[in-house]
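First comes the structure, then the notes that go with it.
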Amino acid sequence: MNLSDEMNIIKRGTSEIILLEELEQKLINAKKTKTPLRVKQGFDPSSPDIHLGHTVGLRKLRHFQDLGHEVYFLIGDFTGMIGDPSGRSATRKQLTLEEVQKNAETYKEQVFKILDPEKTIVVFNSHWLGKLSFVEVIKLCATYTVAQMLEREDFANRLREKRPIGIHEFLYPLMQGYDSTVLRADVELGGTDQKFNLLVGRDLQREYHQEPQVIITMPLIEGTDGVEKMSKSLGNYIGINENPFDMYGKVMSVPDKLLLTYFELLTDTPYPELAKIEQELKKDTVSPLIIKKRLAKEIVKIYHGYHEANEAEEHFQKVIQEGKAPENIQDLPISKQILKDNKIWVVELIKLTKQLKSTGEILRNIEQGGIRINDQKILEKNVDVDIKEGDILRIGKLNFYRIKID
RNA sequence: GGGGAGGUACCAAAGUGGUUAAAUGGAGCGGACUGUAGAUCCGUUGGCUGAACGCCUUCGAAGGUUCGAAUCCUUCCCUCCCCA
């Protein structure tokens, strides 16, 4: 593969590369000396579930691996205890050591759905940051001035608006930069909100007489609401551990305007194909629904495989679009003893599913027409229903149970 | 060190002695509609009881005043702002 092909793979979907020429030079040198580049990205272990937003960076790391480079997957277990102020109006809460480490474990399980384990080195920054002496910390601080720190938009804003900035928050960029010097990173990846921190890494590497890392920022994708960036705390995320149907359905709930971005950043759809999709959307030759279904299937395929993706699609078609019961319905075992003349009080029946949390919720569902037995709405709470083996109980739109009498 | 503001349900935010299980918005849930779980509209949202406006729990924590407290008093915990 020649240099420009490599560059095209790397450039896809990026927001900014600083500096492009340095990256080219590094790639050339790597090839010449047969030394893979050391590509670093840090992850904050404060929320343990990886969602599609994280995969934007992870997939870029994978691109580097596919080109033969090494990935340093850095778990910010130490920095996680301080709290990264990036993009936050308020100071982030600090995690305990145990919380951070527990989260880190679940993190590792998930990232290898995307990264190549052979070419990934997982590192924890507590290993070196935890050993720094106070003198060393002060020396590190001495490399930066308050004025430099205040260049960061978030700090500047908070200062102007007289909102608090913790002293420790100034240390975050320094620590992240220090990580780069320890790992001797050639490239560091991050979201656009990380730009400042990534740049600090370059400065510190110079300070430590290293060649500065190239920094690559990736766009932050909006979540299923189409407004806020995808994040767990906002509840607009699609987790990569979610089951195929939920994943498919959540992608389907994304506003149309995000279709192209999702295709570009979350799938490997080649550029000519992307251009075609763009045209289809623009000229309205293909319904956005069809295109979105293609996207949903594509994404489910990446995390669950082709077969599961097909199933998710069929399921969606049947249950959501046509409002019918799906093929695989879970059994609801009912023992004969609790039946009286094959009858059971509806509320009791629903309780057995454990689907609804309280009696109040069950009653509300009944009143509002959310309960069906064999497609027949039950609208009255004081009824004992006749049930037999194989009857289908439906709660709301999505939850089906097949009665099984023991 | 001095002065001030505030902690209310999943979140945000009203409420300052009874009519408050607590306005409103968001989120959630259900329905209708549709090209989707999107948009829109309607309904609904502490728990228990075969349900009655009956009982239990909830307005930072613990006590107290009162027939009655989210609302008043005391102590404590926490958060924030201004001045130094």
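Computed from a prediction, not measured in an experiment: that's the story for all the values here. Convention: sequence-line order gives letters A, B, ...; per-chain numbering from 1.
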Protein-nucleotide distance (Leu379(A), atom CG; G31(B), atom C1'), rounded to Å: 11 Å
Nucleotide paired to G35(B) in any strand shown, Watson-Crick or G-U, under 3.5 Å: none
Phosphate-side-chain proximity, Arg394(A) and G30(B), N/O vs OP1/OP2 below 4.0 Å: no
Of the listed nucleotides A37(B), U44(B), A51(B), the one nearest the side chain of Gln368(A): U44(B)
A32(B) phosphate, OP1 or OP2, under 4.0 Å from Lys377(A) side-chain N/O: yes
Sugar-phosphate only, base, or nothing, as touched by Lys397(A) at under 4.0 Å among non-hydrogen atoms: base
Residue Lys195(A) excluded, over 12 heavy atoms near NZ under 6.0 Å: no
Mate of A27(B) where both pairing distances stay under 3.5 Å, Watson-Crick or G-U: U45(B)
Salt-bridge present (Asp193(A), Lys229(A); N to O < 4.0 Å): yes
Rounded C1' spacing from C72(B) to G54(B) in Å: 30 Å
Nearest-angstrom distance, P atom, C56(B) to A70(B): 14 Å
First encountered from the 5' end of RNA chain B, between Val383(A) and Ile320(A): Ile320(A)
Spacing of Glu367(A) atom CD relative to C29(B) atom C1', expressed in whole Å: 13 Å
Inter-nucleotide P distance (U19(B), A69(B)), Å rounded: 11 Å
Sugar-phosphate only, base, or nothing, as touched by Tyr248(A) at under 4.0 Å among non-hydrogen atoms: nothing
Touch class at under 4.0 angstrom, heavy-atom based, for Leu356(A) against every strand present: nothing
Atom-to-atom span, CD of Glu361(A) to P of U44(B) - whole angstrom: 15 Å
Pairwise P distance, C11(B) and A61(B) [rounded to whole Å]: 14 Å
Phosphate-side-chain proximity, Lys357(A) and C48(B), N/O vs OP1/OP2 below 4.0 Å: no
Presence of salt bridge, Glu273(A) and Arg294(A), under 4.0 angstrom: yes
Whole-Å C1' distance, U57(B) and A5(B): 31 Å
Between P of A37(B) and CD of Glu322(A), the distance in whole Å: 12 Å
Side-chain ion pair, Glu298(A) and Lys301(A), N-O less than 4.0 Å: yes
Passing candidate, side chain to side chain contact (heavy atoms under 4.5 Å, CB included) with Asn374(A), options Ile403(A), Ile392(A), Val385(A): Ile392(A)
side-chain N/O Ser358(A) vs G46(B) OP1/OP2, d < 4.0 Å: no
Sugar-phosphate, base or nothing in reach of Asn365(A), heavy atoms under 4.0 Å: sugar-phosphate
Interatomic distance, Glu222(A) CD vs G38(B) C1' [rounded to whole Å]: 15 Å
Under-4.0 Å salt bridge between Lys26(A) and Glu211(A): yes
Phe316(A) and Tyr248(A) aromatic ring geometry - parallel, tilted or perpendicular at 30°/60° bounds: tilted
Nearest-Å distance once atom C1' is located in both C55(B) and U49(B): 8 Å
Nearest-angstrom distance from the residue atom OH of Tyr262(A) to C1' of G38(B): 12 Å
Complement of G6(B), any strand, by Watson-Crick or G-U distances under 3.5 angstrom: C78(B)
Under 3.5 Å on both distances, the Watson-Crick or G-U partner of G1(B): C83(B)
Touch class at under 4.0 angstrom, heavy-atom based, for Lys340(A) against every strand present: base
Distance between C1' atoms of U58(B) and C48(B) (Å, rounded): 15 Å
Short side-chain N/O contact to G35(B) OP1/OP2 from Ser287(A), under 4.0 Å: no
C1'-based separation of G47(B) from C80(B) [nearest Å]: 34 Å
For atom CG of Leu295(A) and atom P of G35(B), their distance in whole Å: 20 Å
Test item: Gln65(A) side-chain N/O and Lys119(A) main-chain N/O as donor-acceptor pair under 3.5 Å: yes
Nucleotide G46(B), atom P - distance to CZ of Arg364(A) in whole Å: 7 Å
Residue whose closest nucleotide on RNA chain B lies nearer the 5' end, Asp256(A) versus Ile395(A): Ile395(A)
Sugar-phosphate, base or nothing in reach of Gly396(A), heavy atoms under 4.0 Å: sugar-phosphate
Sugar-phosphate only, base, or nothing, as touched by Gln321(A) at under 4.0 Å among non-hydrogen atoms: sugar-phosphate
Candidates U49(B), A51(B), G50(B) - which lies nearest the side chain of Asn382(A): G50(B)
